[in-house]
Amino acid sequence: MENEKIKKLDNENIMHTYARYDVCLTHGSGVYAYDDRDKKYIDVSSGIGVNSLGYCNPGWVKAVTEQASKIQHISNYYYSPVAGELAEKLTKATGLSKVFFGNSGAEANECAIKVARKYSFDKYGTGRNRIVTLENSFHGRTIATLSATGQDVFHNYFFPFVEGFDYAKANDIESLLSKITDKTCAVMLETVQGEGGVNILDSDYLKEVRKICDERDILLIVDEVQTGVCRTGKLYGYMHSGITPDIVTSAKGLGGGLPIGICMVGEKLSEVMGPSSHGTTFGSNPVVCAGAKYILDTVNNPEFIDEVNKKGKYIKEKLLKIKGVKAVRQQGLMIGIEVEENAGDIAKKCTEKGLLIITAKTLLRMLPPLNITYDEIDEALSILKKVMEG
């Protein structure tokens, strides 16, 4: 199909909810994507952290196609072997107790909000239902998760928003304490605020938040939608600080390219949600779960994780040598680049030169495939260097 016809079909038939780059991707392999004219791009965005092993990883493709040839969907009225196997892998890897399967990060966070409020209702009755989130957070685009998001720019148009959220400053315990009242049931945060500007929360701060929650029987919800599945150099970002949350949400990289969202809870919350208290038609889809099992088996080993950390540090060192880079915020392969020029303009020029890179507020953002090679890193940074240094 001709390029202009592809864009015409999109513009005439799809809601304009995305400001698209002038690129039509049709196929890919590993870190490389190709457009309708067979132009090659090196992608260090991974579909915003989704393609954790790159495009069309052979092992992942085999896992999902084999499952698709067996059974493609099962109603949640019936047992699914592949969903049970994936849930067991997740609970063993995290030490958490139970898993709810959904289809996106926003759904996972909706579930977390419901679990927290129901736990508090069951134990304390009505009125103890407020959740403290952090400024510059991002938790999704449903009405409830937009309400949870601590950015005023998102609190527009869709009134009335859901009540019951308060916003504290990140890495500021006094600010958090000022927002907690006898009506607070949970604190919800990201260990690295991705959409908020790749802001990394301090380990000491996270430990203190955990302590405060324990003292008040307030649940700690950690949103690992973008930070999870080894993106930050640990299986989940909270593991850097040695804490254990009450609720963890995960999505994006776990599916490897297919839609998944999970909400995991600790032992004391394992029986909070009963039949009909929550649900979704497509959650625990066996094809998606088969792909997620392969992803988890691949990334959750010490050697793989060690390489993620080494590659992240390698990228940071090389970035800091590029003219126009002011600073780098990096944890694992979650990387924010402070630049002197406009990040959006740089990203657009990179696209034209064959590098797919994204932004986060005023920063450039890199979320490359976790198995990217050093040669591929050098290739990507060479393009970025040429764009920034002219």
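Note that the coordinates shown come from a computational prediction; the quantities given were computed from them, not determined experimentally. As a basis for the values below, the full set of heavy atoms in this structure was taken, side chains included, without hydrogen atoms, waters or symmetry mates.
With 3.5 Å as the limit, one finds a donor-acceptor pair spanning the side chains of Ser120 and Arg128. No hydrogens or angles considered: nothing links the side chains of Asn109 and Thr145 as a donor-acceptor pair under 3.5 Å. A donor atom on one side chain and an acceptor atom on the other are found under 3.5 Å apart for Asp378 and Tyr314. With no hydrogens or angles considered, a side-chain donor-acceptor pair links Asn3 and Lys7 at under 3.5 Å. Thr227 and Glu224 share a side-chain donor-acceptor pair at under 3.5 Å. Remark: the Glu195 side chain and the Gln151 side chain contain no N/O donor-acceptor pair separated by less than 3.5 Å. For the residue pair Ser382 and Glu379, no side-chain donor N or O sits within less than 3.5 Å of a side-chain acceptor on the partner. Side-chain atoms of Thr280 and Asn103 include a donor-acceptor pair closer than 3.5 Å. In this structure, a donor-acceptor pair under 3.5 Å is absent between the side chains of Asp172 and Tyr205.
Within a 6.0 Å radius of NZ in Lys8, no more than 12 heavy atoms belonging to other residues, nucleotides or ligands are found. The 12-atom threshold is exceeded at NZ of Lys311, counting heavy atoms of other residues, nucleotides or ligands nearer than 6.0 Å. Within a 6.0 Å radius of CD in Glu340, other residues, nucleotides and ligands contribute more than 12 heavy atoms. The local environment of NZ in Lys349 is sparse, with at most 12 non-hydrogen atoms from other residues, nucleotides or ligands closer than 6.0 Å. Annotation for Glu389: atom CD counts as buried by contact number, over 12 foreign heavy atoms lying within 6.0 Å. Glu2 CD: 12 or fewer foreign heavy atoms inside a 6.0 Å radius. Heavy atoms of other residues, nucleotides or ligands lying less than 6.0 angstrom from CZ of Arg216 number more than 12.
A distance of 8.5 Å separates CD1 of Ile335 from CZ of Arg231, quoted to the nearest 0.5 Å. Lys318 contributes atom NZ, which lies 11.5 Å from atom OH of Tyr374 (distance to the nearest 0.5 angstrom). Atom CD of Glu307 and atom OG1 of Thr373 lie 11.0 Å apart (nearest 0.5 Å). The distance from the CD1 atom of Ile218 to the OG1 atom of Thr184 is 5.5 Å, given to the nearest 0.5 Å. Atoms CE and CG, on Met188 and Leu219 in that order, are 12.0 Å from each other to the nearest 0.5 Å. A distance of 13.5 Å separates NZ in Lys353 from NZ in Lys348, rounded to the nearest 0.5 Å.
Minimum interatomic distance between Phe158 and Ile143 (heavy atoms only, all atoms of both residues): CB-CD1, 3.7 Å. Taking all atoms of both residues into account, the shortest heavy-atom contact from Ile315 to Pro368 is CD1-CG, 4.4 Å. What you find for Gly261 and Ala108 is that their closest heavy atoms are C-CB, 4.1 Å. When all heavy atoms of Ala168 and Val132 are compared, the closest pair comes out as CB-CG1, 4.0 Å. In terms of heavy atoms, Asn199 sits closest to Asn136 at ND2-CB, 4.2 Å. Listed here is the closest heavy atom pair of Ile262 and Leu254: CD1-CD2, 3.7 Å.
The pair Asp202-Lys207 does not count as a salt bridge, with every side-chain nitrogen at least 4.0 angstrom from each carboxylate oxygen. With respect to the salt-bridge test (charged N to carboxylate O, under 4.0 angstrom), the residues Lys310 and Asp306 qualify. Comment: Lys70 does not engage Glu66 in a salt bridge, judged by the lack of any side-chain N to carboxylate O separation of less than 4.0 angstrom. Ion pair Lys123/Asp217 flagged as a salt bridge, since at least one NZ, NE, NH1 or NH2 atom sits closer than 4.0 Å to an Asp/Glu carboxylate oxygen.
Side-chain contact between Phe138 and Asp223: absent, with no pair of heavy atoms (C-beta onward) separated by less than 4.5 Å. Counting heavy atoms from C-beta on, the side chains of Val82 and Lys293 come closer than 4.5 Å. Here the side chains of Tyr41 and Val23 are in contact, with some heavy-atom distance below 4.5 Å.
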Pair Val308-Lys234, side chain to side chain contact (heavy atoms under 4.5 Å, CB included): steps then yes or no: CA-CA 9 Å; Val308 168; Lys234 291 282 189 181; over 6 Å; no
Next item on the list: Evaluate the criterion side chain to side chain contact (heavy atoms under 4.5 Å, CB included) for residue pair Ile173 and Val209; output intermediate values, then yes/no.
Entry: CA-CA 7 Å; Ile173 288 296; Val209 173; 4.0 Å; yes
CA sep, side-chain torsions, deciding dist, call: Asn300, Ile295, side chain to side chain contact (heavy atoms under 4.5 Å, CB included)
CA-CA 8 Å; Asn300 190 29; Ile295 295 291; over 6 Å; no
_Before you tell me yes or no, could you show the steps for Glu271 and Lys98 under salt bridge (charged side-chain N to carboxylate O under 4.0 Å, His left out), namely the whole-Å CA-CA distance, both residues' side-chain angles and the distance that decides it to 0.1 Å?_
CA-CA 9 Å; Glu271 303 302 322; Lys98 295 286 178 67; 3.1 Å; yes
Requested in this report: Give the C-alpha distance, both sets of side-chain angles, the deciding distance and a yes or no for side chain to side chain donor-acceptor pair (under 3.5 Å) between Ser284 and Asn76.
Outcome: CA-CA 8 Å; Ser284 72; Asn76 281 305; 2.8 Å; yes
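Checked by atom type and distance alone, the side chain of Ser175 pairs as donor or acceptor with a backbone atom of Lys169 at under 3.5 Å.
For Phe282 and Phe101, the ring centers are positioned 6.0 Å apart or more. Annotation: Phe159 is in aromatic contact with Phe161 [ring centroid separation under 6.0 Å].
Listed by chain and residue number, nothing satisfies the ring-ring contact (aromatic ring centres under 6.0 Å, His included) test with His240 (two or more places apart in sequence, or in another chain).
Both Ile383 and Ile377 sit in one connected hydrophobic cluster of ILVMFWY residues. Membership requires side-chain heavy atoms under 4.5 Å apart, directly or through other members. By the criterion of side-chain heavy atoms lying less than 4.5 angstrom apart, applied directly or through intervening Ile, Leu, Val, Met, Phe, Trp or Tyr residues, Phe154 is grouped together with Tyr167 in one hydrophobic cluster. The hydrophobic cluster containing Phe100 does not contain Leu86, counting ILVMFWY residues as joined when their side-chain heavy atoms lie under 4.5 angstrom apart, directly or transitively. Taking hydrophobic clusters as Ile, Leu, Val, Met, Phe, Trp and Tyr residues chained together by side-chain heavy-atom distances below 4.5 Å, Val31 shares a cluster with Val387. Follow the hydrophobic side-chain contacts under 4.5 Å out from Ile337 and you reach Leu381 in the same cluster.
Summarising the hydrophobic clusters (Ile, Leu, Val, Met, Phe, Trp, Tyr; side-chain heavy atoms under 4.5 Å, direct or chained), the residues clustered with Val198 are Ile48, Val192, Ile200, Met334, Ile358, Leu367.
Annotation: cation-pi geometry satisfied between Arg117 and Phe165 (NZ/CZ under 6.0 angstrom from ring centroid, within 45° of ring axis). The side-chain tip of Lys40 points at the ring of Tyr32 from less than 6.0 angstrom away and within 45° of straight on.
With respect to Gln67, the side-chain contact (heavy atoms from CB on, under 4.5 Å) criterion is satisfied by exactly one of Val287, Val288, Asn285: Val287.
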